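None of these values were measured; they are calculated from a predicted model. In this chain, residues are counted from 1 in sequence order.
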Amino acid sequence: MSFDIITDSASNLPKSYAEKNNIGIISLKYTLNDEEFDSYVEKENDDSLKNFYQKMREKASTSTSNINAATFEARFTEVLEKGRDILYVSFSSNLSSSYSFAEITANQLKEKYPDRKIVVVDSLCVTYALGLLIHYIVKMRDDGKSMEELHEWLEANKKKMIHLFTVDDLVYLKRGGRINPATALVGTLLGVKPVMHVTNEGRLEKYDKVKGRKKSLSELVDKLAAMIVNPKEQTVAVVHGDCEDDADYVKKLIIEKTGVKEVITDYLSPVVGAHSGPGTIAMFFMGGERMS
């Protein structure tokens with residue numbers, strides 16, 4: 001193929017998958033108690049991820065950083081110098097500024113490499129929703145589809161990629177400004193768990209609230225069952241913030257209620273987990289349309 005597919009580590013894709021399928025991954029970084037890590041490397045080691053979430057439970061400070069223009073320029077130039085075009089699929093622009101940096105860099109490089117094509121796509125997705133989009137276009141690429149055809153498919157289908165998740169502790173959403181302190185306090189006292197989703201604009205919003213952990217997990221699966229299309233042909237992704245038993249429970253419910261083709265489970269990358277916290281359960285799948 002004459003083009004490279006590149007995305008970022010917010011896609012949550014395993015390194016083994018990326019290498020097997022020739023997917024370029026640009027790593028976002030996170031800090032844990034002021035020590036910086038590449039999220040793409042750390043994702044390969046379950047022990048390091050367990051440690052990350054355990055440190056969060058122990059009140060460690062965490063933060064994340066976007067991919068800067070210099071990083072994009074170096075990675076894109078490396079591909080362009082080989083005479084290849086680029087299809088870069090980014091983390092949602094309303095959750096990260098990486099998309100803006102990628103677009104600015106692409107426009108600058110087009111002047112230097114006028115014979116090459118650089119397409120930057122705002123996925124309006126995060127974590128394995130972005131990863132599943134990459135999974136679908138990899139199959140298209142391997143079937144001989146052009147970069148333009150992959151781009152058209154992404155634009156037509158990215159808003160059909162559904163995100164549903166819940167958290168175990170509201171303090172992390174409060175820190176990130178997703179809910180106000182009063183709501184977090186009352187919710188914690190009453191054992192209320194929010195059901196969150198990602199909108200058509202790629203923003204994270206509260207969709208519903210449920211009392212109790214098990215009920216919140218069941219509610220997620222009920223919403224998935226109502227929204228999923230062609231489940232017998234779909235792969236559903238379930239990611240977790242170091243709560244494997246809950247992820248396995250959700251996986252079992254999804255299979256029982258939908259007969260879905262496949263459910264994969266994985267740790268939630270620290271880039272997103274830093275903002276949602278230990279105990280996060282999220283699921284991603286293709287539906288008819290997102291909730292507004």
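Side-chain polar atoms of N12 and S269 form no donor-acceptor pair below 3.5 angstrom. With no hydrogens or angles considered, a side-chain donor-acceptor pair links N68 and T71 at under 3.5 Å. For the residue pair T265 / H240, no side-chain donor-acceptor distance below 3.5 Å is found, with atom types taken as modelled.
By the 4.5 Å heavy-atom criterion applied to side chains, K145 and I137 are not counted as neighbours. Between K214 and D246, some side-chain heavy-atom pair lies under the 4.5 Å cut-off. Two residues are said to be in side-chain contact when any heavy atoms from C-beta on lie closer than 4.5 Å; D4 and N22 fail this criterion. Side-chain contact between F285 and I254: absent, with no pair of heavy atoms (C-beta onward) separated by less than 4.5 Å. Contact annotation: the side chain of I23 approaches that of T7 to within less than 4.5 Å [non-hydrogen atoms, C-beta and beyond].
Scanning for side-chain contact (heavy atoms from CB on, under 4.5 Å) contacts around E152 gives an empty result, with sequence neighbours left out. Scored by the side-chain contact (heavy atoms from CB on, under 4.5 Å) test, I255 finds K251, V260, V263 as partners (sequence neighbours excluded). For E81, the side-chain contact (heavy atoms from CB on, under 4.5 Å) partners at least two apart in sequence or on another chain are T77, Y113.
Although no hydrogens or angles enter the test, the distance criterion places a donor-acceptor pair under 3.5 Å between the side chain of T280 and the main chain of S276. Distance alone, capped at 3.5 Å, is enough to place a donor-acceptor pair between the D122 side chain and the S93 backbone.
When ring centroids are compared, F52 and Y30 come within the 6.0 Å threshold.
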Under the criterion salt bridge (charged side-chain N to carboxylate O under 4.0 Å, His left out), I'd like the reasoning laid out for K223 against E219: C-alpha separation, chi angles, the key distance, then a yes or no. CA-CA 6 Å; K223 292 186 186 305; E219 182 70 13; 3.0 Å; yes
